[in-house]
There are 2 protein chains.
Amino acid sequence: MKINKKANAEVKPDPRAPATKVTLAMVASACGVSSSTVSRILNGTAVVSPKKREAVDRAIAALGFTPNPVARGLAGGRTLSVGVVTQAIDSPFYGPALRGIEEELGNAGYSPLFVSGHWNSEEEQRCIDVLLSRRVDGLIILTGRLSDTALRNTAKSVPVVVTGRRLEAPGLYSLDFNNFQGAQLATHHLLSLGHRSIAFISGDPAHPDAHERLNGYRSALKAAGVPFNPALVLPGDYREHSGIEAVERLLDSRERFTAIFAANDQMAFGAALALYRRGLRVPDDVSLVGFDDLAAAVHSIPPLTSVHQGPSELGQLAATSLLNLLSGRVPTERLPEPRMVIRSSTRALPGP
Amino acid sequence: MKINKKANAEVKPDPRAPATKVTLAMVASACGVSSSTVSRILNGTAVVSPKKREAVDRAIAALGFTPNPVARGLAGGRTLSVGVVTQAIDSPFYGPALRGIEEELGNAGYSPLFVSGHWNSEEEQRCIDVLLSRRVDGLIILTGRLSDTALRNTAKSVPVVVTGRRLEAPGLYSLDFNNFQGAQLATHHLLSLGHRSIAFISGDPAHPDAHERLNGYRSALKAAGVPFNPALVLPGDYREHSGIEAVERLLDSRERFTAIFAANDQMAFGAALALYRRGLRVPDDVSLVGFDDLAAAVHSIPPLTSVHQGPSELGQLAATSLLNLLSGRVPTERLPEPRMVIRSSTRALPGP
DNA sequence: GGAGATTTCGAATCCGATTTTAAACGACAT
DNA sequence: ATGTCGTTTAAAATCGGATTCGAAATCTCC
């Protein structure tokens, strides 16, 4: 009995066998060449006689050999993985961007490593360090609060693509939305509908895009000859709840307004809810415009008019830019211009 | 000129220097011990005299040494990374789960590797193969459509935690929500509000939980002595649009109903929109209950009554279970019971 | 003080590739 | 036949640590 058991144990030396256990050395000896030859064939490096190449290819297929990325990473310095620093893995805006990145990178044989910085520059730096220690071949940084200097510095060790800012540096490529123009568009849309008292719920002032959006709003107002009324600008932090609070504050201030432009959709949703609670109808009593065109904007009540930014394109473009950087090319990707998506949350102001 | 260039190249042998370039061998020689000693101190393996340990610790700190996870993975077989197979990186339900996983794993020094299977068993299997080839130490599989057999098989090579099903196997731990009970709860809630004609929008029949939810609905109906009316069950696929279609079909069928229970929140949002378009008010004309309690349920109009499932707890528990598995312990984690979160989309049916 | 038992370390091996170095081979000219 | 220049290809070094094994150092007890 005992002996039997032992024999049994010897039959399966490694309980975790089913996975790729075939090594380069095995295929090498299988077809009587050296491991370096197999390696070179695998990487397309150097020349090999067609006869051997074929034999090796056949052996690889026969044994079902897959090169071990870990060993490859150690020896070759390339891990075929790229680090992606996002702010929250479950962000409704960046989620689709991650998806775009995953897709684009996957097609090129790279694997993304997602980590979250939670809008905290120190944490972002930690994330980058972790990623770097894992020897990623490149880095995609979705916005965040890292300093330009820190970014430039990181770009010295590894190619970097960063979004949400405009920055020039060696080994660095930046991709930025035109927030200013987007906000102009949104404001202009309301203006063209006859609205003159347009409240603005601003984003988190710690984000540069919040300022740009505010400026776009002011610029459009100015272009239309509508005086800027500071009382109509409410502070927000890009989250739903701040949209609720902003509307409540606005309503309580008894300042007159016929439309609201929220600096992002999440706050617009909050605003819509606050209006609903106070018995105000969108768009009958108040027109509402958001920014970002989140997936949820389509199914909100009413469907939200918003400025489309296309996070998934952002992700794809960031990924292809990085891929270009990695293969030594100079990326030329540009983000599409923002555009209005008009749904049911805005309507023309009835004539006086 | 040529010579100058060459000299220049020799000055900066590695352009990507700033990142952790310190190796174990360097700290070893820095404090006059062998590299194996440093390694052993790092891993807590074996005993070392306090004097040396301290010296080494100091040297590590001084040089800012970080062990290279790639090399470590090769040598030790452990990569301190775990693969997470989700269905879509931007899923509103699984997003928070990923966040929970990231947090829990991060605390333990592990890095998650997220990949998406897109509800396709072949793709899921490919994801697992990629993950395995990257030598992850463990696997978390969020639901998905993989066969139990495939899962059991995977568990032979690496510890696995799977959600969304109940499955026993060596090296495998499963975590499942009680969908049946959740659906009972939701239905019971409507029943207790006086509703008798409750429509049910079912989930994608390819998911086992869709059946469980339907059964929960039927069970609650039966317990209350309300006859089951097949005409009130509408097919859905868990996406918003199917909620819209279901309500339109329901309305067109002229079947009487006072409440709708959607098998998930996304369909509930779609249903709410369809009702809104037809001029029906929630909850005044129709009460509406969802399932999952997505983050968006709080800010929808009206805020949606739903069955709370807690995806972030799911993620955390999956992660701690896996961590237990990895350290040889037997996980005992259990998911919390589903519970109703009553908001504003349901109301008592006025007496006849 | 010394034999035997421990504890503490260092050198050698290995993980699974990549890359460099150099030897073997072949064709062609001398 | 010998020598030379170019290809192929094999052997060896490397990447950065983990692990095993055995030797040296320290300790125990008689």
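In what follows, every heavy atom counts, from backbone to side chain, and hydrogens, waters and symmetry copies are set aside. Proteins get letters first, then strands, A, B, ... in listed order; numbering begins at 1 in each.
- Proximity of B/Asn68 to the phosphate of D/dG17: no side-chain N or O atom is located under 4.0 Å from OP1 or OP2.
- The separation between A/Arg78 atom CZ and D/dG16 atom P is 17 Å, rounded to whole Å.
- Interface remark: the A/Ser36 side chain does form a donor-acceptor pair with the D/dA11 base, using a distance-only criterion of under 3.5 Å.
- Between B/Ile128 and B/Leu146, some side-chain heavy-atom pair lies under the 4.5 Å cut-off.
- Atom CD1 in A/Ile41 sits about 12 Å away from atom P in D/dT8, given to the nearest Å.
- Taking atom CZ of residue A/Arg72 and atom P of nucleotide C/dT19, one finds them 10 Å apart after rounding to whole Å.
- As rounded to whole Å, 9 Å separates atom P of D/dG17 from atom CG of B/Leu42.
- Of the candidate nucleotides D/dT9, D/dG17, C/dG10, C/dG10 has the atom nearest to the side chain of B/Thr37.
- Residue contacts for B/Leu24: at a heavy-atom cut-off of 4.0 Å it reaches the sugar-phosphate backbone alone, with no base atom in range.
- Each of B/Ser35 and B/Ala71 was matched to the nucleotide of DNA chain C holding its nearest heavy atom; the match closer to the 5' end belongs to B/Ser35.
- At a threshold of 4.0 angstrom between heavy atoms, the contacts of A/Val33 are confined to the sugar-phosphate backbone, with no base atom among them.
- If you take CZ of A/Arg40 and P of C/dT20, they are 12 Å apart, rounded to a whole angstrom.
- The distance from atom CG of B/Leu74 to atom C1' of D/dA18 is 10 Å, rounded to the nearest whole Å.
- At D/dT9, one or more side-chain N or O atoms of A/Ser49 fall inside 4.0 Å of OP1 or OP2 (strictly under the cut-off).
- Under a cut-off of 6.0 angstrom, the local environment of CZ in B/Arg165 is crowded, with over 12 non-hydrogen atoms contributed by other residues, nucleotides or ligands.
- Counting non-hydrogen atoms under 4.0 angstrom, B/Val70 reaches nothing in the nucleic acid.
- Taking only side-chain atoms of A/Lys52, from C-beta outward, the nucleotide of D/dT9, D/dA18, C/dT18 with the closest atom is D/dT9.
- Under the 3.5 Å distance criterion, the side-chain polar atoms of A/Tyr94 are left unmatched by any main-chain donor or acceptor of A/Gly315.
- Using a cutoff of 4.0 Å between basic side-chain nitrogens and carboxylate oxygens, A/Asp90 and B/Arg99 are scored as salt-bridged.
- Between A/Lys51 and D/dT9 there is no side-chain polar atom (N or O) within less than 4.0 angstrom of OP1 or OP2.
- The residue among B/Ser34 and B/Gly76 whose nearest nucleotide of DNA chain C lies closer to the 5′ end is B/Ser34.
- Counting non-hydrogen atoms under 4.0 angstrom, A/Thr23 reaches the backbone sugars and phosphates but no base.
- A salt bridge links A/Arg166 to A/Asp176: one of the charged nitrogens lies within less than 4.0 Å of a carboxylate oxygen.
- We find that CE of A/Met26 is positioned 12 Å from P of C/dC15, with the value rounded to whole Å.
- Atom CZ in B/Arg134 sits about 15 Å away from atom C1' in C/dG16, given to the nearest Å.
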